[in-house]
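Okay, here's the structure, questions in a sec.
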Number of protein chains: 2
Amino acid sequence: MGLKIGELAQATGTKVETVRYYERIGLLPEAERTSGNYRSYTPAHLDQLNFIRHARRLGFDIADIRSLLDLADQPERDCAEVDRIASGHLQAVEDKIARLVLLQEELNRMIGQCRGGRVGNCRIIETLADHSLCRSDHAGG
Amino acid sequence: MGLKIGELAQATGTKVETVRYYERIGLLPEAERTSGNYRSYTPAHLDQLNFIRHARRLGFDIADIRSLLDLADQPERDCAEVDRIASGHLQAVEDKIARLVLLQEELNRMIGQCRGGRVGNCRIIETLADHSLCRSDHAGG
DNA sequence: CTTGACCCTGTAGCCGCTACAGGGTGCATA
DNA sequence: TATGCACCCTGTAGCGGCTACAGGGTCAAG
Ligand SMILES: [Zn+2]
Ligand SMILES: [Zn+2]
Ligand SMILES: [Zn+2]
Ligand SMILES: [Zn+2]
């Protein structure tokens, strides 16, 4: 017979609750049940969960993973859509990095201007109170 | 009299609902009410909300902002704690950047290996299915 | 026959908002 | 005076991606 949920979880580095969550949202297909109502997983479940977890570790969101699983199920299709999803995600990652680097620079500047002493004279507090002391926009998003 | 919530929101680039949310969680002090039960904000509220929004735009979480507001209220104190909070946040930002750069590299590799064609031969799908095709750990966290 | 590790369902919480629904207020205009 | 409209009020639920219970059932070992 198949894997119990705990075995599947362990084999994929997932928490048991997360496996159940994936089933609940329809990301992982429902497993057969044993006579005692335990879920019983197949190697196909194992593969799919590994795919999901790997994609998650690469930062794909669940909607993207749904699409990717769907595509992976149609091997005859052109992979342009796969490429589009991956490239879109890469772009999002790059945007995030760019925003974080702006924050990093601004925080470095702020912290570098603090010479110790009292809060009343602290450049960090002053800068937080007044964005015009910032160099970059570190905008919103 | 003071500012209405919509005016305060506009003046600080905040949504009205967000202002009420900050009040609800105790981040922004409660405003006086007019006879018609409208909130009426003072310049002190304006300053504090600007501080909060700026800190948020710099990525500080609400717990940190609470501490920073608390410290800003005690100008005689040593600013070491301020420094500690800001440096801790900077460190978190740098960790995030490092993780995202790993993802970026791995995604770039994946995408670069796709030569078009069918999903059944797509390197992106293959890599998602098998982490051993990855170069880095792009770990968890 | 009991212990203890595992499994089940269902629900609520995390963060930082955002988005209603369903009502009240206040001012301008007809 | 009535009507319209922009704004305000409270309360609650939803987002994503889990995580953490509570309160019960199952199963193998000793
Ligand atoms: Zn300082
Ligand atoms: Zn700034
Ligand atoms: Zn491809
Ligand atoms: Zn990998």
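Per chain, numbering begins at 1; letters A, B, ... match sequence-line order.
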**Report entry** Interatomic distance, B/Ile25 CD1 vs C/dT18 C1' [rounded to whole Å]
**Finding:** 14 Å
Which pairs of donor and acceptor atoms, one on a side chain in residues 14-21 of chain B, lie under 3.5 Å apart (sequence neighbours left out)?
residue	atom	partner	partner atom	Å
B/Thr14	OG1	B/Thr12	O	3.4
B/Thr14	OG1	B/Thr12	OG1	2.7

Report task. Could you tell me which residues satisfy side-chain contact (heavy atoms from CB on, under 4.5 Å) with A/Glu126, sequence neighbours excluded, listed by chain and number? Result -> A/Arg123, A/Leu133
Query raised in the report: Nearest 0.5 Å, what's the CZ-NE2 distance between B/Arg99 and B/His138?
Result: 13.5 Å
Query raised in the report: When you check every protein heavy atom under 4.0 Å of nucleotides 7-18 of chain D, what one-letter string (B, S, -) results, 5' to 3'?
Result: BSBB------BB
Report summary line: When rounded to the nearest 0.5 Å, the distance separating CG of A/Leu68 from CZ of A/Arg66 is 12.0 Å
Query raised in the report: Between A/Asp78 and B/Val119, which heavy-atom pair has the shortest distance, and what is it?
Result: O-CG2, 3.7 Å
